[in-house]
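Have a look at the structure below, then the notes.
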Amino acid sequence: MPKYYQYKVAGYYLYFTTACIVEAMHVHASDKKLTQQGSAKFFVKANGDTTVEKKGVLSEHEINEIRKFIKAHYLEMYELWSIPSDNGFYGE
C-alpha cells in the first residue's frame, strides 16, 4: 500500500490503497499497522482543502495538523495518486 511519505504526520502515516483509486483523491491517516480500522479519511479538493469523511480515533488537533500538512503538500501527493488512478480531486 503506497504511503505518501515514509514519516508520520501528527503521529500517523498518510497513505492510499489500490482499492482507493476508484474514488476521488483522498488520504487515509493511520497508525503503524496501516489498517483502516480507526483511521481517518480526508478527501482532497483541487485547492488543497479537505473534507473529513471519517474521523477514526484522531483528535481534532491531529486532524487539524494533518489538514494543514495536506494543504501544503497536496500537489506532490496528487502526483503519486495519479500514477495508478484516473480519478481527480474531490468534487471534480
Side-chain angles (χ1 to χ4, degrees):
M1 124 181 14
K3 291 181 195 171
Y4 289 106
Y5 299 96
Q6 294 302 312
Y7 53 86
K8 291 182 177 182
V9 176
Y12 296 88
Y13 288 109
L14 305 182
Y15 69 96
F16 61 95
T17 70
T18 54
C20 291
I21 60 174
V22 299
E23 297 181 294
M25 191 217 176
H26 62 275
V27 176
H28 290 280
S30 185
D31 61 11
K32 66 181 177 182
K33 296 177 187 172
L34 297 180
T35 59
Q36 289 191 26
Q37 183 179 0
S39 71
K41 185 175 182 180
F42 301 80
F43 276 98
V44 183
K45 299 177 183 179
N47 65 358
D49 289 344
T50 55
T51 299
V52 179
E53 179 182 292
K54 186 175 128 186
K55 181 179 174 181
V57 298
L58 282 71
S59 70
E60 286 301 318
H61 176 73
E62 292 165 331
I63 287 172
N64 289 334
E65 289 299 309
I66 292 170
R67 286 181 119 162
K68 287 179 200 173
F69 184 87
I70 292 171
K71 180 79 171 180
H73 300 279
Y74 76 99
L75 291 175
E76 63 190 76
M77 295 171 86
Y78 184 74
E79 287 180 27
L80 291 172
W81 172 267
S82 64
I83 292 169
S85 178
D86 292 331
N87 292 312
F89 292 103
Y90 181 71
E92 287 188 333

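Environment of CG in Asp86: sparse, with no more than 12 heavy atoms of neighbouring residues, nucleotides or ligands closer than 6.0 Å. More than 12 heavy atoms of other residues, nucleotides or ligands shown are found within 6.0 angstrom of CZ on Phe69.
Considering Phe43, Phe16, Phe42, Tyr78 as possible partners of Met25, the one that fulfils the side chain to side chain contact (heavy atoms under 4.5 Å, CB included) test is Tyr78. Each of Ile63, Leu58, Ile66 was compared with Val52 under the side chain to side chain contact (heavy atoms under 4.5 Å, CB included) criterion, and only Ile63 meets it.
In this structure, OG1 in Thr51 is found 4.0 Å from NZ in Lys45, a value given to the nearest 0.5 Å. Annotation: the span from Ile70 atom CD1 to Lys68 atom NZ amounts to 13.0 Å, rounded to 0.5 Å. With rounding to the nearest 0.5 angstrom, the CG atom of Leu14 is 12.0 Å from the NE2 atom of His26. Taken to the nearest 0.5 Å, the CD atom of Glu23 stands 3.5 Å off from the NZ atom of Lys41. The line from CZ of Arg67 to CG of Asp49 is 8.0 Å long, rounded to the nearest 0.5 Å.
Tyr15 places none of its side-chain heavy atoms less than 4.5 Å from the side chain of Cys20. By the 4.5 Å heavy-atom criterion applied to side chains, Glu60 and Lys55 are counted as neighbours. Taking 4.5 Å as the limit, every side-chain heavy atom of His73 sits out of range of all side-chain heavy atoms of Tyr4. Taking 4.5 Å as the limit, every side-chain heavy atom of Met77 sits out of range of all side-chain heavy atoms of Val44.
A continuous path of Ile, Leu, Val, Met, Phe, Trp and Tyr side chains, each step under 4.5 Å between heavy atoms, connects Tyr74 with Leu80, placing both in one hydrophobic cluster. Put simply, Val22 and Phe89 are part of two different groups of oily side chains (I, L, V, M, F, W, Y) that touch within less than 4.5 Å, one to the next.
Between the side chain of Ser82 and the main chain of Glu79, a donor-acceptor pair closer than 3.5 Å is present.
Between the side chains of Glu65 and Tyr12, no donor N or O sits under 3.5 Å from an acceptor N or O.
Residues Ser30 and Ser39 come closest through the heavy atom pair CB-CB, 3.8 Å.
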